Amino acid sequence: MIKEIVLNRIFRRIFIGILSGALAATTLIAALHYGAWGLVLGVCVGIAYSAGLRPAHRAYVDNLMAGGSLGVPLWGLVSVIAIPLFSGQMPEWSAEQMRQHFPALVGWVVYGASLGIINQALHDGAEHLFGPEPLPPVASVSVSKRIVILGGGFAGMRTAECLEEKLRTDSSVSLTLINETNALLFTPMLAEVAGSSLEPSHISTPLRSTLRRTEFIRGVVENVDLERRLVILRHDPAVDGASAGRQVPYDHLVFALGSISNYLGMANLEKFAFNFKSLLDAIRLRNHVIEMFERADLESDPARRSSLLTFVVAGGGFAGVELAGALNDFAHGILADYPGLHPQDLNIVLVHSRDRVLPELSESLGRYAQEKMQLRGVSFRLNTRIVDAQPGVVLLSEGEIPTETLVWTAGTAPSLLLKSLPLEKDKRGALLVDDALAVPGRTGLWAIGDCAAVNDATTGHPCPPTAQFAIREAEVLASNILAHIEGRPVRGFHFDSLGALCVVGHQTACAELRVPFAPAKFLRFSGLFAWLLWRGIYLAKLPGLERKIRVLVDWTIELFFPRDIVQTIDLR
Amino acid sequence: MPETQSAIATRFESTLHRAVRIELLLGLVLGALGGLVESAVLKTSPLSGTLLGITFGFAFVLLFARCATSPGAGLIWGLGSSFFLWLFAPGGFFNIAVSARSSALMLQDAQGHFPELVGYLLCLGMPVGVGLGTFGVIRRPDLSRSFSWGRAIVAGGFAGTLGGFIFGRWVSSGDYFPLLAGFGELSSRSTTIFMHFAIALLIGVTFGILFQQDIRSYGSCMGWGLGFGIFWWFFGPLTLLRLASGKPLDWSAEQGTAVFGSLVGHILYGLILGVAYATIDRIWVRLFIQSDPLNRQIEGPGLHFLRSIGWGAIAGLIGGLASMPVMIATGVLPKVAGIDSTLVGFRGVIIHLAVSATIGMTFGLLFRDETSSRSEAIGWGWLFGLIWWYLGPMTLLPLFLTGVCDWSTEAASALLPSLLGHLIYGAVTALTFSIFDLRYTRSLLFEPRALALRPRRPQESPAPALWLFALSLGVLLPILLG
């Protein structure tokens, strides 16, 4: 039926175009003496004019002027170029020749104006006699497939973005993204928030503003009913009232839930340690550091003061090293605001179970990072584990550290939700997926990112749970989901890491970047250049031009002004 | 006692009838007066001039008064309609249709009727259009709410001064002030400069007052600047400045040829004014209107900016490919490559495509809000091509290659062949860009708010009249006066 309507519309316009072109062509015939060719030309232009323009009601003067202006380029294209060419001559576009064509210019402009008016009149007449131009009926939105994405991190958001791009005008597929917060957190810059270099909201991108046609639900997933294909959200009295938590049906479900901190079964650690996964964690940590300084400023007992100003970071991976460096810079930087406190009171300690930090990088870079940080005042306790935490003290495998601050970055585990699902997982608890990122044996279930055990389809090696892998997994997943819906073959995931960057302190970083077209070769950088690389690359990756500008402004302010010590949360 | 519905309707109808009567009277009176002035200048019969004016005024009220919603809109509709009238009668269509004279004689006839062209534009089109446009504002006071005198005068004044400064620095090195053409020698250089800035300021302020409501983007602002520049050439050097310097009015084609260089100058000044005005106006809008959270847009400028540049580059490349045969055949391409050779090497093609892509980016930036339909996009595309003919081969290219730009009729005649290439480039670039834009718009179907906020020119917009006036005269004047 739609086809009939479209054909009906096309025929109507063509017919009007023929008629209006023929009538207007009388001006061409009269002025240019083209004879029958004038009629043919006029009709052809008339058809193109009528077919190309959506008719408005009684827009006579608009069409008069628009048609008249059309005459000028038509004169150039037809009289000056086309007709001489078809006659076997060169186009007549020299100044003298164009002056010879002056009458044709006048004729074409008048033809164009006539065409415009006659075309409009015929459209109005047709509307009066036969009714308005038939429009295809608005397709009723019957959703045949529902894709639900759990998690709004790098993996989840990128999946939604890719699906939106591919499903641009296909309203039969609905997209839903569920996340606990309403923004994507750019985790590489989280340490800078804790270190008061960046404003918290500047490293978060609102999911609603970024995603256009994806329905966004802010909520916590309580459970997934795999049999009835339902996502069940946690009951929120403020939203749901007396009714149960909302249920979201799906045809395809993407697990992109990310990971949570893994306290290795030590309950006290979970109780006393600061987490470092979310924006709130970074804000709390920053305010806590300031709180410790404020209390230390009032403390007369040196031992107690030292304990207040000792900050222990557990874990020597990227998160721990960057956080230790940021806290070190922040703490030393704000000492000037506390004249009663001294640098020797301050102690930043990084505890790591292995013999060097940054095991993901080469040994040389790891040693470099450690040396630089030690020079700047960070202490290291390597080959040491944290075994327990009590109020005011952290117990190590060898010794203890009196402190009021322990930040845990030493382990992660996939989201707790996965534990309750009857799906195959690896020893970490991550969902097992095949090469195409699908959960084996379960049609319509997919998993990517930190909550999935993804293996490279080419090498068979496990893919590290990092943002660059999560983003590429999302791109492959989106095309695989659509391929599955359309009955096409899916493809396996393969990606060669581009490298890694880590900031270790003020204007100092380590970088290891893969050489293009040489997968096994890496270029290593350190120092200021690596730091500039870090800032440049991550600024480019930060979603949103507005966010980039805000972060750039923050970094610029940091060059000239000290870091802010305003407490935004009262922790007393 | 409250009015009944029928009483309200009756009162409304009588108000409407009164407005229509006033409009008609205004059109007839202004037309008659304009016709009288024209006949006095051209030394023709006052009766025929008056009759012509009355007829024009009557036809204008009938056809265009509804669209003359502001003085600026009325001016453009007036100029377009009066130009079309000239083209039909004195310009030669009638003669061409009924007689079998040669092209050369037809051209001579048209040149002989050049004074009527000036007369029709300035004595009929301008006063009738501006007058009815002004009445249109009074008749529809709801429209005046969207007009800001402060914004018009401040933005227009700044833009005019800035345009005059940029233009003045550029041309004063050659001691030639196009905006003062027709005025004759002034007593001193400082007086000359002062007059230059005074006229620039006047043009800028009138531009702001007349076209504030029509301008939506940098692109349309350049288009309006182009048209206004052409209008000011007729109004300034050919008319006002001659009168101001005590000389008799001379609207002949010979006088037009003598001040042809200032036509190019006026066009370029209009373009500079358009961009400057758009910049200041957009800043005003951004600072005082769009910054209000109540007026928040769905999309920020960042995404739109990047998207426009990307699409514009691709569209420009395609436009460059389409116009390349013409550019090669007319010998422009070797000049672009910096070599004076009949052979066009790979270098010339690469430079041409690179320039096309870069200029295409400017189309994307300047005209991104004007491509809501293909027909509108093509209309602006032609104007864009015309703008770049005046900017490129007429001005920038000789400036880069030889350090001097030649705005004489001989130079324009020599460059006429490439004009068609530029028009083709403009239209193809615009059409391609609009295809990208419309494809993106379809994806907004899922976000009705964003779709509703897409800018769309209203039906009464004088843009079609601007296309006819600027495009036709931009092409016609070098032919007529060469």
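Everything numeric in this text was worked out from a predicted model, so none of it was measured. So that the names make sense, note that chain A is the first sequence line, chain B the second, and so on, each numbered from 1.
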4.5 Å side-chain heavy-atom contact, P73(A) and I424(B)
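SC-SC contact between P73(A) and I424(B) ruled out.
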
Minimum heavy-atom distance between [X] and [Y], given as atom pair plus value:
{"X": "F84(B)", "Y": "V110(A)", "answer": "CE1-CA, 4.3 Å"}
{"X": "A66(A)", "Y": "P464(B)", "answer": "N-CB, 3.8 Å"}
{"X": "G68(A)", "Y": "L468(B)", "answer": "C-CD1, 3.4 Å"}
{"X": "R58(A)", "Y": "R66(B)", "answer": "O-NH2, 3.8 Å"}
{"X": "L471(B)", "Y": "S69(A)", "answer": "CD2-O, 3.4 Å"}

Can you tell me if NZ on K541(A) sees more than 12 non-hydrogen neighbours from other groups inside 6.0 Å?
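At most 12 heavy atoms, drawn from other residues, nucleotides or ligands, come within 6.0 Å of this atom.
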
Engaged part of [X] at the chain B interface, taking heavy atoms whose separation is under 4.5 Å:
{"X": "E546(A)", "answer": "neither"}
{"X": "I549(A)", "answer": "neither"}
{"X": "I29(A)", "answer": "neither"}
{"X": "V72(A)", "answer": "side chain"}

Find the distance between CG (L105(A)) and CG (L480(B)) and round it off to the nearest 0.5 Å.
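Those atoms lie 9.5 Å apart.
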
Which distance, rounded to the nearest 0.5 Å, do you find between the CH2 of W108(A) and the OG of S472(B)?
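Reported value, rounded in 0.5 Å steps: 14.5 Å.
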
Would you sort out whether F64(B) and L64(A) count as a side-chain contact (heavy atoms from CB on, under 4.5 Å), showing the intermediate values?
CA-CA 11 Å; F64(B) 300 100; L64(A) 169 79; 4.0 Å; yes

Per-residue contact mode, L63(B) against chain A (heavy atom under 4.5 angstrom)
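L63(B) touches chain A through backbone and side-chain heavy atoms alike.
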
Relative to chain A, which segment of W467(B) carries a heavy atom at a distance below 4.5 Å: side chain, backbone, both, or neither?
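It is both, since atoms from each part get that close.
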
For S413(B), run the side-chain contact (heavy atoms from CB on, under 4.5 Å) check against R99(A), E96(A), M98(A) and tell me which one passes.
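That would be R99(A); it is the only one of R99(A), E96(A), M98(A) passing the side-chain contact (heavy atoms from CB on, under 4.5 Å) with S413(B).
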
So W77(B) and M65(A), side-chain contact (heavy atoms from CB on, under 4.5 Å) or not? Walk me through it.
CA-CA 9 Å; W77(B) 284 114; M65(A) 298 292 177; 3.5 Å; yes

Output, in order, the C-alpha distance, side-chain angles, deciding distance and verdict of side-chain contact (heavy atoms from CB on, under 4.5 Å) for F102(A) and L476(B).
CA-CA 8 Å; F102(A) 168 77; L476(B) 188 66; 3.4 Å; yes

Test side-chain contact (heavy atoms from CB on, under 4.5 Å) applied to I81(A) and L420(B), step by step
CA-CA 9 Å; I81(A) 297 177; L420(B) 293 177; 4.0 Å; yes

